[in-house]
> 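I have a structure I would like to understand better, so I am pasting it below and will then ask my questions one at a time.
Residue numbers start at 1 and run along the sequence shown. The analysis underlying the following values was restricted to heavy atoms, covering all of them including side chains, and did not include hydrogens, waters or symmetry mates.
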Amino acid sequence: MRTAKEFVEAITTASDNNDMMGLISIHDDLLKVEISVLTKTVKYIKATDTIAYSVFTSAASMSKVEKNGVFNRIIRQAISRESLTEEA
């Protein structure tokens with residue numbers, strides 16, 4: 001099982017190389033891992049590397065999964081759930 005750090009490195013590398021198919025593959029792999037790994041990965045990329053995040057979200061919008069908005073809903077729910085647990 002891949003860790004958040006491995007996903008961050010893969011996203012950054014694929015983004016730097018403008019590898020859209022690689023980013024789509026990473027996007028689909030992220031949907032198969034634990035929600036904590038997904039949340040950490042996306043929050044870290046969004047906070048530290050806005051260009052990689054932008055390229056990743058552009059590639060993710062090309063995924064068949066994203067057509068239904070599943071990925072965005074998962075991210076929103078995970079982040080809101082995490083913020084609720086942090087406040088408590």
Side-chain angles (χ1 to χ4, degrees):
M1 182 165 180
R2 293 170 73 179
T3 64
K5 184 178 179 180
E6 292 170 336
F7 277 113
V8 167
E9 290 172 0
I11 290 171
T12 304
T13 301
S15 173
D16 290 346
N17 296 330
N18 204 21
D19 179 13
M20 294 306 232
M21 292 308 294
L23 288 168
I24 291 170
S25 172
I26 294 167
H27 167 268
D28 293 343
D29 288 345
L30 274 171
L31 293 176
K32 299 173 189 169
V33 298
E34 292 181 17
I35 196 70
S36 62
V37 174
L38 170 71
T39 306
K40 288 177 187 176
T41 301
V42 174
K43 284 178 78 173
Y44 183 82
I45 288 287
K46 187 174 184 180
T48 60
D49 194 347
T50 55
I51 294 172
Y53 180 77
S54 176
V55 173
F56 178 66
T57 55
S58 296
S61 67
M62 291 183 233
S63 172
K64 289 181 180 177
V65 175
E66 187 56 33
K67 299 293 185 217
N68 297 326
V70 173
F71 186 71
N72 285 333
R73 277 186 257 147
I74 290 171
I75 293 296
R76 278 194 302 272
Q77 289 173 355
I79 291 174
S80 64
R81 187 179 312 114
E82 186 175 291
S83 67
L84 286 175
T85 57
E86 287 175 359
E87 293 172 4

> Could you tell me which non-hydrogen atom of Ile26 sits nearest to which non-hydrogen atom of Ala14, and how far apart they are?
CD1-CB, 4.3 Å
> How would you list, by chain and number, every residue that makes a salt bridge (charged side-chain N to carboxylate O under 4.0 Å, His left out) with Asp16, sequence neighbours excluded?
none
> Do the non-hydrogen side-chain atoms of Met20 and Val55 ever get within less than 4.5 Å of each other?
yes
> Looking only at heavy atoms, what is the nearest atom pair of Ser15 and Ala52, with distance?
OG-CA, 3.2 Å
> Rounded to the nearest 0.5 Å, how far does CG of Leu38 lie from NZ of Lys32?
13.5 Å
> Do any pairs count as a salt bridge (charged side-chain N to carboxylate O under 4.0 Å, His left out) and have a residue in residues 2-14, sequence neighbours left out, and if so which ones?
Arg2-Asp29
> Please say whether more than 12 non-hydrogen atoms of neighbouring residues, nucleotides or ligands are located less than 6.0 Å from CD1 in Ile35.
yes
> Would you check if the side chain of Thr57 reaches a backbone N or O of Ser54 as a donor-acceptor pair within less than 3.5 Å?
yes
> Listed by chain and number, what are the side chain to side chain contact (heavy atoms under 4.5 Å, CB included) partners of Thr41, not counting sequence neighbours?
Ala4, Phe7, Val8, Ile11, Leu30, Val37
> For Ile24 and Ala59, which heavy atoms make the closest approach, and how far apart are they?
CG1-O, 3.2 Å
> Has the side chain of Asp49 got a donor or acceptor atom that lies under 3.5 Å from a matching backbone atom of Ile45?
no
